[in-house]
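One structure is given below, encoded as structure tokens.
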Amino acid sequence: MTHPASTPIPPEWAPHRAVWLAWPAHPELWGEALPEVQETVRRLAHYLAELPGSERIEMVVRDAGARAQAAAALAGLDHRLHELPYGDIWLRDTAPIFRGASRGAVAFTFDGWGGKYRLPGDAELAVGIAGRAGEALQRDPLVLEGGAVDGDGEGTVLTTRQCALNPNRNPGLGEAEVEARIASLLGARKVIWLDEGLSGDHTDGHVDNLARFVAPARVACGRPAPGDPNTAVLEAIIEALRAERDAEGRSLEPVLLPSPGLVPDEEGAPSPATHLNFLVGNRRVVVPTFGGASDAEAIEILADCFPGREVVGLDARVLLPGGGAIHCISQQEPA
């Protein structure tokens, strides 16, 4: 289905004014892993902001103690600290989606990923962040998260039925109604629907774990590993993308990143590990790695996709118990 033309949300590879992160400071959520999670966020911030021409780090902190920790971690970087209430660090889903400098921001209604994880502060965090950024916020009653959508900056958006049409988010709304809301909010002329998400994904199938635009008409997606628990899901995505066209009528070209295969959680079940949860910064692309043979190949393929940017890996295994990786804990603010 096509929709009326409007200005699309900038793609992730467009220049950023800043990247928003939240300082991990909730021992009740992370337990003994909290210092390691904090170190992962510190390293991500330095990868993004330490080179000339990088973006500023906008760091949300929960209290004075977290402010002091974050200030020490970000020493030497262009950064600002913002004391705001928040539940956890998953800003891809709780921060607003910025339209670009002085064009405002949009926010879906956040319900804790279908009511599974309702934490104080998360539902209102988009309001606080938009205010600190000086951007007017358009809030929409559609229940969804930023990780559920991915756009090419030219009017095409990817999403999944498992998430956007899930009864735990928008009961009573059909595909056409949800699609129209997504298209209107994000300036899309075409929404491409994929079906199922990764096994073990707390988010009910976020697309930023499955398929990501790396350029207009080029979509990175997963190539199953031997014995991969997500083989059927990943093969269906490749097939679906090859059959689709974007808003400009161009056939989509899948760019196949290797899957890390089974990365088990503490109980031996599959965790939602994927190299597709990368973040594109002004100077660097940061790719989640998991200590396996697929890490180097994924970095090499993405380096071909983003010439002029350094592509670096960041071990994201400590983030997986929380349900995500690098892209999930960040939100870019376009210039």
Side-chain angles (χ1 to χ4, degrees), residues 8-21 43-57 77-78 92 97-98 100-101 147 149-158 192 207-223 234 237-238 241-242 244-260 274-290 292-316 325-335:
I9 298 290
E12 196 165 300
W13 55 84
H16 301 164
R17 180 164 62 183
V19 168
W20 287 78
L21 303 171
R43 290 185 62 195
L44 173 59
H46 280 261
Y47 277 147
L48 291 171
E50 67 188 4
L51 297 178
S54 298
E55 47 264 89
R56 181 173 63 239
I57 299 297
L77 302 181
D78 181 10
R92 183 61 48 177
I97 300 172
F98 292 95
V149 292
D150 189 83
D152 68 348
E154 296 189 359
T156 309
V157 167
L158 300 165
I192 294 175
V207 81
D208 67 354
N209 279 335
L210 301 169
R212 303 281 309 284
F213 279 106
V214 295
R218 300 191 78 207
V219 183
C221 55
R223 185 188 75 230
L234 299 182
I237 289 169
I238 296 169
L241 291 173
R242 285 176 172 157
E244 282 285 359
R245 294 179 179 273
D246 67 10
E248 296 292 327
R250 298 169 293 207
S251 296
L252 297 183
E253 175 194 351
V255 177
L256 304 185
L257 292 189
S259 167
T274 170
H275 300 298
L276 289 157
N277 206 258
F278 58 84
L279 174 64
V280 183
N282 284 349
R283 296 293 309 277
R284 285 181 170 136
V285 178
V286 186
V287 184
T289 58
F290 306 99
S294 63
D295 292 349
E297 184 183 359
I299 290 170
E300 181 179 1
I301 292 170
L302 287 171
D304 289 337
C305 294
F306 296 104
R309 287 177 166 93
E310 181 185 3
V311 180
V312 297
L314 178 57
D315 194 321
I326 304 304
H327 197 249
C328 298
I329 65 172
S330 60
Q331 182 63 263
Q332 70 275 1
E333 183 182 345

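Start at 1 with the first residue, then count along the sequence.
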> With sequence neighbours excluded, what pairs up with E333 under the side-chain hydrogen bond (donor to acceptor under 3.5 Å, both in side chains) test?
Replying inline: R17, W20
> Can you name the side-chain hydrogen bond (donor to acceptor under 3.5 Å, both in side chains) partners of R242, sequence neighbours left out?
Replying inline: none
> salt bridge (Lys or Arg N to Asp or Glu O under 4.0 Å) with D315: which residues, sequence neighbours excluded?
Replying inline: R317
> Is it true that a side-chain atom of S54 and a backbone atom of R283 form a donor plus acceptor pair closer than 3.5 Å?
Replying inline: no
> Can you list every pair that meets salt bridge (Lys or Arg N to Asp or Glu O under 4.0 Å) and has a residue in residues 211-221, with sequence neighbours left out?
Replying inline: E12-R212, D150-R212, R218-E253
>> Give me the atom names and distance for the closest heavy-atom approach of T274 to N209.
In response: CG2-OD1, 3.3 Å
> Under the side-chain contact (heavy atoms from CB on, under 4.5 Å) test, which residues partner L241, sequence neighbours left out?
Replying inline: L158, L194, A211, V219, C221, I237, L252, P254
> Which pair of heavy atoms, one from G155 and one from P8, lies closest together, and at what distance?
Replying inline: N-CG, 3.7 Å
> Can you name the nearest heavy-atom pair linking V255 to C305, along with the distance?
Replying inline: CG1-SG, 3.8 Å
>> Using the side-chain contact (heavy atoms from CB on, under 4.5 Å) criterion, which residues pair with A45? Sequence neighbours excluded.
In response: L21, I57, L74, L77
> Considering all heavy atoms of both residues, which atom of F290 and which atom of A316 are nearest to each other, and what is their separation?
Replying inline: CE2-CB, 4.1 Å
> So which pairs with a foot in residues 294-305 pass side chain to side chain donor-acceptor pair (under 3.5 Å), sequence neighbours left out?
Replying inline: R223-E297, H275-S294
> Closest approach of P11 and G153, non-hydrogen atoms and distance?
Replying inline: CD-CA, 3.5 Å
> Looking at residues at least two apart in the chain, or sitting in another chain, which of them share a side-chain hydrogen bond (donor to acceptor under 3.5 Å, both in side chains) with Q332?
Replying inline: R92
>> Test of understanding: with side-chain contact (heavy atoms from CB on, under 4.5 Å), list the residues that count as partners of I9, not counting sequence neighbours.
In response: I97, R99, L186
> If only atom types and distance count, is the side chain of N277 paired as donor or acceptor with the main-chain N or O of I326 below 3.5 Å?
Replying inline: yes
> side-chain contact (heavy atoms from CB on, under 4.5 Å) with T156: which residues, sequence neighbours excluded?
Replying inline: D152, I192, F213, D246, A247
>> According to salt bridge (Lys or Arg N to Asp or Glu O under 4.0 Å), who are the partners of R284, at least two apart in sequence or on a separate chain?
In response: E50, E310
>> Quick check: closest heavy atoms across V214 and W13, and the distance to 0.1 Å?
In response: C-CZ3, 3.6 Å
> Can you name the residues that form a side-chain hydrogen bond (donor to acceptor under 3.5 Å, both in side chains) with H16, not counting sequence neighbours?
Replying inline: E55
